[in-house]
Amino acid sequence: MTSSLLPTYARFNLAFERGEGAWLYAANGDKYLDFGAGIAVVSVGHSHPHLVGTLIDQGRKLWHVSNLFEIPQAEKLGARLVAESFADLVFFTNSGTEAMEGAIKTARRHQFVSGHPERTRIITFQGAFHGRTLAAVAAGGNPKYLEGFGPPLDGFDQVPFGDLAAAKAAITPQTAAILIEPVQGEGGIRVAAPDFLEALRALCDQHGLLLIFDEVQSGMGRTGKLFAYQHSRATPDIMGLAKGIGGGFPLGAFLTTRAVGLCMTPGTHGTTYGGNPLATAVGNAVLDVILAAGFLGHVVETGAALGRGLGELQTRYPDVIEAVRGQGLMFGLRVVGPVGEFVKAALAEKLITIPASDNVVRLLPPLTVDEAEVALALTRLNAAAEKLSAERAKAAQRGAA
Ligand SMILES: *Cc1c(COP(=O)(O)O)cnc(C)c1O
């Protein structure tokens, strides 16, 4: 089929008509188990009745009024996020990259109003992903995403992930902040050690820098805590959220402390759509589900079952799966051979997975996934790994002959 969409994605030749919980239904009736959740977006499953009901109710009443007026739904969602986090203030966006843009601007402006206009640079980490706007691709530093788009925005100094000495050495009188994903998502589900985050916090305090956490992928319950940083004792000054926060409705946010956020006075930043009544009503509905008693405990339990099963799979097929890593319901399989081959093999078993860098296949099911669905996913992953293992053994035999 010729498409009128800009060819920025190599899409599977597959379209879905309907979704329910962890399941997606193709037009021909084929049923897929969704362990991608729209790249960690469909946090409480497809067509969750509470989200659908909220969307319809709010859709009938009021969609959009602009940020020139008070928006009770945004006030409520903001207050709830503040109550559950380190933060005092929230700015709503429509996407993750906008959340990170706002986070970066806030860090720079805080240094500016604090008498340090020279502090504009931000230390970031190899393998990072912060989005696709010009500042976000510069912060991420991935040469593939920078090529052909002119001079990268200046002001980012990148060091190896987990390397405290390198982060320390990268600090100059121009440094404003350190920016890190507590769990790298696109980078291949690389979990920052709690003591590394705590050491970064101490480093920031020592040098007057701000600590920014990008929890666009790891936040909203994905790792078994509402925010991944809560596995450590470190708290950031600024944090970006998106993906799971809207459950599929476009919504993002950055959160900050009062001490930092008050530099963002009227006129310094803005958004037309961000935080509108429809998006934030849905955001509240997502939070109703995630904050319900026992929900995060369920994520921890099903995540543990998935982790155990994946470990067994790796033991059974070390020729296909080299390593398993992750936390909560955010897992990565470092595979032997092309990632695309594994993703395709899983898709042939009607299991959706998501490729990442570092030769990793991501498993990011809806957080509402149950133990039976986890068991079924493991069966399908086993079948995919078995097939790849047999194919490779055959190819090796042919090579030897
Ligand atoms: C997806 C992602 C982003 C970008 O979010 P968009 O909504 O695609 O703009 C930023 N940071 C992280 C960690 C992400 O996973």
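The structure displayed is predicted, hence computed values, not measured ones. The first residue of the sequence shown is numbered 1, and numbering continues consecutively from there. In listed order, ligands and their atoms are each counted from 1. What's counted below: heavy atoms across the whole structure, side chains too, no hydrogens, waters or symmetry copies.
No donor-acceptor pair under 3.5 Å is formed between the side chain of Glu84 and the backbone N or O of Leu81. At distances below 3.5 Å, not a single donor-acceptor pair connects side-chain atoms of Thr223 with backbone N or O atoms of Gly219. Judged purely by atom type and a 3.5 angstrom limit, Thr257 has no side-chain atom pairing as donor or acceptor with the backbone of Asp88. Between the side chain of Arg222 and the backbone N or O of Leu329 there is at least one donor-acceptor pair closer than 3.5 Å.
With respect to atom 9 (O) of ligand 1, the closest heavy atom belonging to the protein is Thr97 N, 2.8 Å. Scanning the protein for heavy atoms near atom 11 (N) of ligand 1, the closest one is Asp214 OD2, 2.7 Å.
Applying the salt bridge (charged side-chain N to carboxylate O under 4.0 Å, His left out) criterion to Asp319, with sequence neighbours excluded, gives no partner residue.
Considering backbone and side-chain N/O atoms, Glu98 never comes within less than 3.5 Å of an N/O atom of ligand 1. Between Phe129 and ligand 1, at least one N/O pair is under 3.5 Å apart. Annotation: Gln217 places an N or O atom under 3.5 Å from an N or O atom of ligand 1; distance criterion only.
The atoms of ligand 1 that sit less than 4.0 Å from any heavy atom of Ser95 are 7 (O), 9 (O). For ligand 1, the atoms closer than 4.0 angstrom to any heavy atom of Glu181 are 13 (C). Of all atoms in ligand 1, numbered sequentially from 1 with element shown, those under 4.0 Å from a heavy atom of Gly131 are 4 (C), 10 (C). Set against the non-hydrogen atoms of Gly96, the atoms of ligand 1 under 4.0 Å away are 4 (C), 5 (O), 6 (P), 7 (O), 9 (O). Under a 4.0 Å criterion applied to the non-hydrogen atoms of Lys243, ligand 1 contributes the atoms 1 (C), 2 (C), 3 (C), 14 (C), 15 (O).
Under 4.0 angstrom from ligand 1, the non-hydrogen atoms of His130 all belong to its backbone. Under 4.0 angstrom from ligand 1, there are no non-hydrogen atoms of Ala242.
Lys31 forms no cation-pi arrangement with Tyr25, by the criterion of a distance under 6.0 Å to the ring centre and an angle within 45° of the ring axis.
Heavy-atom minimum distance, Arg80 versus Leu291: NH2-CD1, 4.4 Å. The two atoms that bring Leu378 and Ala305 nearest to each other are CD1-O, 4.2 Å, heavy atoms only.
Inside a 4.0 Å radius of atom 7 (O) of ligand 1 there is at least one protein heavy atom.
For Arg392 and Glu341, the salt-bridge test passes: some basic side-chain N is under 4.0 Å from an acidic carboxylate O.
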